[in-house]
Amino acid sequence: MRNKTLTLDSVTQAVGQWLVESGKLTSSQWEEAVNAFARGDGGKSLFETLLEMGYCSEEDIVQGLSAVLQIPVVNLREVTPDQEALSLVPAEVAFRHQVLPLKKENGYLIAAVSDPLNLEAENAIRFVTGVPLKPMLSRPSEIRTLLEQHYMSRVMAEAESEDLEVIQEAEEDIGDPTRMAREALVIRLVNLMIRNAVRERASDIHIEPLERTLRVRYRVDGMLHDVTAPAKRYHPAIVSRIKIMANLDITERRKPQDGRIKARILGQEVDIRVSVMPTVHGESCALRLLYRSGMDFTLRDLGMEKDDLEKLENLIRIPYGIILATGPTGSGKTTTLYACLRRIYSHEKKIITIEDPVEYHLDGVTQIQVNNAVGLTFATGLRSIVRHDPDIIMVGEIRDRETAEIAIHSALTGHLVFSTLHTNDAPGAPTRLIDMGMEPFLVASALDGVLAQRLVRKICPACKEPYQPTEAQWEYLVEQGLVTDESQPTLWRGKGCEACRFTGYSGRTGVFEVLILTDPLRELILAKASSQQIREAAIEQGMRTLYQDGMMKVAKGITTVEEVERVTHAGESE
């Protein structure tokens, strides 16, 4: 099917040499393109760089690849794809890999491709069809057009059953004849994007206009992946439709806008936060999906080990003090704090929160939305909250000295305060507060505990398989006492299947670091010890690090070594 001895570099060089020898471009143009590609961010191939610079055409590159790899070229204007072949490959796989099935013949699926070196596409096609791929080369623009033509009708048919109701929608107050003519189609396209995202339990939808195409991506389990995207020409209408749903100004295209959509999708209510931002190729949209069912989480659902869960349960029952959740954006801090509030809520306690934004609504809890435009910041809101006789306060984030100061004084005057802080680990929280200008004695007196966390993807149960780890990985697990049968060096990973979109992962769980402030640790804070010194002392007192907690889940077959190292940035040799 292709010359296996050629690497990507040698193929690219051979195609470049062919283009020069065939007179398609000059040696200096080739060198200029190579230099431009080397300076790039890696988001484009060398051939795409050549096209952007206008030095050759798609047809030239296709002919060069054909000559080097000995793969035939197909003129898609003269071929009609077989319906049986089209039905073998799901639309999403075809669009993601830009593969147009043509026919099934002699045990192969013959398909038009623009990148014959894409081994991921070959593997995906073989998996979903059960037969190997036999590629034929064609121009990328022709493949995109025919994919839309042959698959979009099927995709749109799926959207006939709407299952999506916008609870409150703005009235359309302008008339664009072109867009209005496509209104039914555009409404279905937008509904389909959102509905499929909900079905996949995506947390975000990104609609990004590129120079020649429109890219749509879902964030599932913390990772972005491409999905079927409409043609670029639908982009302005799609953005206008989203703005109408979010009650935004559809005539304003020069500045960012933020809004919210409240919808009922597939039988559940979903709040959608919308952000629209102008870019050089048009307006980019980011939709954050907030599921009401997401607040059914309890502390036991977060993935904590039993001993850490007991520590946290005891910690949140202390009547006053500060409890902090730390970690980067998207690590699940807010969900954990909400679970804590749900656990300790009772009719005898008044709980007030101030958040930016209020992501989920908690029954029985007074929640305040930050509004900088009217001067309602975390600090000013917190001052008012203290005068409102609360028992428990949650501050969305401690961002500055003023907020930290009020939170600490609230804790010292008999309130239990929950908040988040951006630090890499739990021992870094006290030093971060001191760096903000807090006196060490105040931090040592007010702070009761810190919870650091990350989210790791769980191994897909549908394609879970055993494998033999490296000697160093197994030695670490044995040293930590995480495995019982040392003679069987076996761990688990996901092979990749349709259920997990060939990632090997499905769903997420947390890895945690629970730091309880003991007297020796308070003395270190009073002495302005470094976070490393506090960390070493906490480990001596029994604190597990994020990496150690993650490796416990590796030993149990919940996640993988690679995933733990990815989220903890650990090449730890512990």
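This is a predicted model, so every value here is computed, not measured. By convention here, the first residue in the shown sequence is residue 1.
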Looking only at non-hydrogen atoms, find the nearest pair between [X] and [Y] and report the distance.
X    : Y    : value
G510 : K553 : O-CE, 2.9 Å
S138 : E142 : OG-OE1, 3.3 Å
A555 : L477 : CB-CD2, 4.3 Å
K464 : G557 : NZ-O, 2.8 Å
T49  : A33  : CG2-O, 3.9 Å
A121 : V99  : CB-CG2, 4.2 Å

Report, as yes or no, whether the 6.0 Å neighbourhood of atom [atom1] on [X] holds more than 12 heavy atoms from other residues, nucleotides or ligands.
X    : atom1 : value
N424 : CG    : no
M277 : CE    : no
K495 : NZ    : no
E465 : CD    : yes

[atom2] on [Y] to [atom1] on [X], rounded to 0.5 Å:
X    : Y    : atom1 : atom2 : value
R195 : M193 : CZ    : CE    : 12.5 Å
K24  : W18  : NZ    : CH2   : 5.0 Å
W492 : I558 : CH2   : CD1   : 13.5 Å
Y55  : E32  : OH    : CD    : 3.0 Å
R217 : D226 : CZ    : CG    : 6.5 Å
R457 : R566 : CZ    : CZ    : 5.0 Å

Tell me if a side-chain donor or acceptor on [X] pairs with a main-chain N or O of [Y] at a distance below 3.5 Å.
X    : Y    : answer
Q257 : D249 : yes
T503 : C500 : yes
S240 : P236 : yes
H206 : Y218 : no
Q453 : L455 : no
T326 : H422 : no

Indicate yes or no: at least one non-hydrogen side-chain atom of [X] is less than 4.5 angstrom from one of [Y].
X    : Y    : answer
F47  : E58  : no
R253 : V239 : no
K333 : T336 : no
S284 : P209 : yes
D60  : L25  : no
Y467 : L491 : yes
V270 : I194 : no
L109 : V89  : yes

(request) Verify whether one side chain among R199 and N196 offers a donor that lies under 3.5 Å from an acceptor in the other. (result) yes
(request) Answer yes if the side chains of Q63 and E59 hold a donor-acceptor pair under 3.5 Å, and no otherwise. (result) yes
(request) Show your reasoning for whether side chain to side chain contact (heavy atoms under 4.5 Å, CB included) applies to V511 and Y547. (result) CA-CA 8 Å; V511 293; Y547 184 74; over 6 Å; no
(request) Under the side chain to side chain contact (heavy atoms under 4.5 Å, CB included) rule, what do Q268 and V198 come out as? Steps first, then yes or no, please. (result) CA-CA 9 Å; Q268 62 176 316; V198 171; 3.6 Å; yes
(message) With side chain to side chain contact (heavy atoms under 4.5 Å, CB included) as the criterion, how do I110 and M136 come out once you've worked through the C-alpha distance, each side chain's angles and the decisive distance to 0.1 Å?
(response) CA-CA 7 Å; I110 299 174; M136 299 187 75; 3.5 Å; yes
(request) Check the pair R288 / D204 against salt bridge (Lys or Arg N to Asp or Glu O under 4.0 Å), numbers first and verdict last. (result) CA-CA 4 Å; R288 168 65 57 89; D204 302 85; 2.5 Å; yes
(message) salt bridge (Lys or Arg N to Asp or Glu O under 4.0 Å) for K243 and E283? Distances and angles first, verdict last.
(response) CA-CA 11 Å; K243 286 182 177 180; E283 291 180 288; 2.8 Å; yes
(request) Check each of T559, T560, D221 against Y505 using the side chain to side chain donor-acceptor pair (under 3.5 Å) test, and report the only one that passes. (result) T560
(message) As a quick check of understanding, evaluate side chain to side chain contact (heavy atoms under 4.5 Å, CB included) for L86 and L100, giving each step before the final call.
(response) CA-CA 8 Å; L86 289 169; L100 178 67; 4.1 Å; yes
